[in-house]
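Note that these values count all heavy atoms, side chains included, but never hydrogens, waters or copies made by symmetry. Chain A is the first sequence line, chain B the second, and so forth, proteins listed ahead of strands; every chain is numbered from 1.
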Amino acid sequence: MKFQKIISTLFLTVTFSMLAHAQLQLNGAGATFPAVIYSKWFDEYKNATGVQFNYQAIGSGGGIRQISEGTVDFGATDGPMTDQQLSEAKSKRGTEVLHIPTVMGAVVVCYNVPGISKGLNLSGEVLADIFLGKIIYWNDAKIKKDNPKLNLPNKAIVVTHRSDGSGTSFIFTDYLTKVSKNWSAKVGTGTSVNWPVGLGGKGNDGVAGLVKQTEGSIGYVELAYAVKNKILYANMKNKAGNFVEATFQSVSSAAEGAAKNMPADLRVSITDAAGKDSYPISGFTWLLVYKNMKDEAKAKAMVNFLSWSMGKGQSFATDLYYAPLPKAVVKMCEKNINSITANGKKIK
Amino acid sequence: MINSEIQPDIENSRVEINNTAVRPPGFFKKVFGTYNLGDFIFERLTLLFAVLVFLLVILMGYEMYVGSKISIDKFGWSFLTNSVWDPVQEIYGALPIIYGTIVSSFLALVISVPLSIGIAIFLSEVSPGWLEKPLSFLVELLAGIPSVVYGLWGIFVLVPWIRTDVEPFLSEHLGFLPFFRGAPYGFGMLAAVLILAIMILPIVSSISRDILRSVPQSQREAALALGATRWQSTKIVLKDAKSGILGATMLGLGRAVGETMAVTMVIGNRAVISPSLFDPSYTMASVIANEFTEATSEMYLSALIQLALVLFVLTIIINAMAKLLVWSMERKLGTR
């Protein structure tokens with residue numbers, strides 16, 4: 001399948017480079033999670049302006065590597081670059097790399113407990129203890145406390161997680177790190193971590209398959225995947241103490257809650273965000289662009305596209321199961337977009 | 001009584017089939033003192049191709065060594081002996097992953113090789129002509145199925161069956177052994193072993209069949225003429241084909257060691273060493289495929305490349321061992 005992908009991208013690249021001789025073309029690579037909305041955006045934008053964007057969903061790690069090496073015009077990632085990566089990229093490329101949030105996603109906790117159909121409530125600490133292997137039965141007192149109405153069975157919990165490195169795991173472990181001291185000491189945050197217990201499945205479909213097949217199991221998948229495939233998921237307790245269902249609204253309100261003390265470079269985790277309606281396991285996905293570009297035409301196209309994505313682009317989000325950015329965040333993005341220069345000259 | 005006297009005769013009556021390869025005279029001498037330009041170009045060209053393969057292997061090894069330099073410098077041999085694989089703390093020990101690779105491949109061979117040899121013997125020695133063609137076709141068809149399809153079949157058919165029937169059965173009857181203990185998830189080492197066994201079956205059996213067929217018909221005729229039964233003549237044919245079958249087995253092992261997609265879909269992907277076949281495990285190829293795309297730090301990337309290097313070396317060792325075995329067998333046959 002991968003081979004086919006490579007062949008078809010090669011083929012496409014060749015044909016397009018022949019056709020689009022004079023046409024402006026920008027190349028990018030990175031995260032797989034936003035690939036669906038990005039290809040929609042690039043398609044719409046090409047129809048409107050004629051500017052061609054190519055995007056290869058090779059994973060966040062690849063996106064960060066390629067923007068640091070300068071082999072692409074833009075990158076994309078689900079987890080922000082670290083300070084060290086940023087300074088390395090800056091010294092290699094001679095210009096800063098900017099993070100521009102584009103849309104948001106959320107991670108939901110799915111489960112398969114015999115006799116429980118909907119409405120399982122979980123708090124962060126309990127979730128962390130389950131994934132640490134400390135809570136091993138569904139009728140544990142700690143789970144019961146949050147679910148007084150449910151008749152939880154005396155069944156062993158089977159933990160499942162992603163085996164492949166992914167932004168989904170990053171957001172999930174970032175949340176657990178924030179809510180549990182034990183988790184942060186023993187495991188930590190990452191696209192791949194050393195899971196204390198459980199089975200690993202490849203991709204959202206792999207985890208969903210494990211959960212569906214295994215009685216008593218618990219796992220996590222992207223909200224978009226869960227909604228599309230009608231998978232049951234738990235309500236999570238947020239910082240304000242409410243149990244919140246993951247919806248596009250509750251994800252957007254998490255970003256709103258976080259917007260108040262957002263850093264200027266927009267590298268921020270919005271897990272466990274404040275606000276009474278905020279869904280706690282949410283996260284941004286970012287485009288990575290150079291602050292100063294050498295090719296003026298490309299810089300202009302990049303800035304115009306990014307501005308478009310903050311306006312009209314956002315209206316495509318919910319149809320494709322992404323949460324749109326709240327107004328406050330859009331404003332901060334626009335400020336950063338407008339700071340992009342071509343050879344030191346401002347574009348807007 | 002009579003049989004026991006005849007048998008050694010059959011054994012000794014084998015027709016010599018080795019040393020039949022004919023080499024052109026003066027292969028290397030002619031390279032310089034050439035008198036035919038076509039021959040010269042032909043020889044040089046084929047030599048170049050042969051050297052290219054050699055260079056490619058060296059280059060691959062070198063590239064992997066350079067790519068994994070950071071991790072080799074930091075972890076040294078502890079990379080092979082440490083059993084913690086923690087990308088967050090940047091501690092990389094590959095022992096459970098190497099263990100999972102070797103055990104899953106080896107057990108797959110144990111299941112697959114006897115079956116494959118049985119299939120090969122049936123196809124080349126026993127089967128009537130009308131059955132042989134479609135059967136061979138089906139066996140070869142198995143080899144053409146993409147591994148992701150095996151993986152999906154594994155998830156939806158094999159794993160549920162293992163969970164509901166195989167594992168409960170095994171733990172009930174053989175639960176006193178440490179190999180068959182633990183919770184029956186379905187996903188785990190057992191599922192990986194079974195799926196690998198099915199995947200290498202067509203390779204080993206179709207190559208073994210070809211090797212059995214290449215044993216000259218006169219061997220069988222000679223044996224039968226001396227009054228051997230079909231089983232006895234098959235034994236003689238097998239003796240001739242032994243080294244070839246071993247080669248086929250090693251090819252199968254090579255495939256099992258490098259198999260990625262189908263294994264990662266059913267093995268449970270957990271880097272632990274556990275005697276129980278019910279527990280999840282992990283293989284080197286799966287780790288690389290799973291974690292490479294999102295490996296952001298240099299050390300992480302370097303550790304993954306080092307894992308590839310270990311896999312590369314392991315493959316070389318397996319192939320070298322196979323060559324040695326084949327060689328020693330041929331020598332034994334030759335001096336007898």
Side-chain angles (χ1 to χ4, degrees), chain A residues 1-4 30-32 57-65 68 77-79 81-82 84-85 88 156 158-170 173 177 184 186-203 205-206 209-210 212-217, chain B residues 83-93 96 146-149 151-152 154-157 159-160 162-164 182-188 191 260-272 279-283 286-298 300-301 303-304:
Chain A
M1 232 160 88
K2 206 157 207 175
F3 186 65
Q4 262 183 356
T32 45
I58 56 169
S60 300
I64 292 174
R65 272 203 297 284
S68 315
T77 182
D78 293 334
M81 288 168 75
T82 61
Q84 196 199 344
Q85 285 168 341
E88 257 171 44
V158 181
V159 171
T160 67
H161 56 76
R162 288 282 287 269
S163 63
D164 49 334
S166 85
T168 311
S169 295
F170 182 88
T173 51
T177 301
S184 98
K186 277 195 186 142
V187 187
T189 308
T191 51
S192 302
V193 298
N194 185 16
W195 297 96
V197 288
L199 298 169
K202 190 168 164 57
D205 48 339
L210 284 173
K212 211 180 220 168
Q213 286 194 19
T214 317
E215 275 196 354
S217 61
Chain B
S83 48
V84 177
W85 183 267
D86 188 341
V88 179
Q89 311 287 333
E90 304 243 283
I91 299 168
Y92 301 102
S147 58
V148 66
V149 175
L152 283 174
I155 287 182
F156 293 114
V157 181
V159 165
I162 289 177
R163 182 176 48 238
T164 55
Y185 297 134
F187 292 91
T260 312
M261 201 59 202
V263 171
T264 198
M265 285 165 92
V266 299
I267 201 167
N269 300 313
R270 213 172 135 52
V272 286
D279 281 341
S281 184
Y282 220 158
T283 68
S286 309
V287 174
I288 296 168
N290 272 327
E291 301 187 2
F292 199 79
T293 48
E294 296 288 334
T296 43
S297 83
E298 260 181 74
Y300 194 2
L301 208 61
L304 286 173

*Could you check if a side-chain atom of B/Tyr282 sits within less than 4.5 angstrom of a side-chain atom of A/Ser163, using non-hydrogen atoms only?*
yes
*What part of B/Phe156 gets closer than 4.5 Å to chain A, counting heavy atoms only: side chain, backbone, both or neither?*
both
*Heavy-atom contact with chain B under 4.5 Å, split by part of A/Gln84*: neither
*Between CD of B/Glu294 and OG1 of A/Thr32, what distance do you get to the nearest 0.5 Å?*
6.0 Å
*Considering only heavy atoms and a distance below 4.5 Å, find which of B/Val287, B/Ile155, B/Val272, B/Val159 pairs most often with chain A.*
B/Ile155
*Would you check if B/Asn290 and A/Lys202 make a side-chain contact, meaning some heavy-atom pair closer than 4.5 Å?*
yes
*Sort A/Ile64 into side chain, backbone, both or neither according to what part of it lies under 4.5 angstrom from a heavy atom of chain B.*
side chain
_Steps toward side-chain contact (heavy atoms from CB on, under 4.5 Å) verdict (A/Glu88, B/Glu298)_ = CA-CA 11 Å; A/Glu88 257 171 44; B/Glu298 260 181 74; 3.8 Å; yes
*Quick one: does A/Gln213's side chain get under 4.5 Å of B/Phe187's, heavy atoms only?*
yes
*asked:* At a 4.5 Å cut-off on heavy atoms, which part of B/Phe292 comes close to chain A: side chain, backbone, both, or neither?
replied: both
*asked:* Heavy-atom cut-off 4.5 Å, strictly under: side chain, backbone, both or neither for A/Ser60 against chain B?
replied: both
*Drop me the distance from B/Asn269's CG to A/Leu210's CG, to the nearest 0.5 angstrom.*
8.5 Å
_Please classify the contact between B/Ile267 and chain A as side chain, backbone, both or neither, with a heavy-atom cut-off of under 4.5 Å._
neither
*Ignoring hydrogens and geometry, is there a side-chain-to-backbone donor-acceptor pair from A/Ser192 to B/Glu291 under 3.5 Å?*
no
*Pick one of side chain, backbone, both or neither for A/Glu215, based on which atoms fall under 4.5 Å of a heavy atom in chain B.*
neither
*Heavy-atom side-chain proximity of A/Asn194 to B/Gln89 below 4.5 angstrom*: no
_Donor-acceptor pair, distance only, cut-off 3.5 Å: does the side chain of B/Arg163 make one with the backbone of A/Thr214?_
no
_Give me the atom names and distance for the closest heavy-atom approach of B/Val88 to A/Gly188._
CG1-CA, 4.1 Å
*asked:* Please classify the contact between A/Thr189 and chain B as side chain, backbone, both or neither, with a heavy-atom cut-off of under 4.5 Å.
replied: backbone
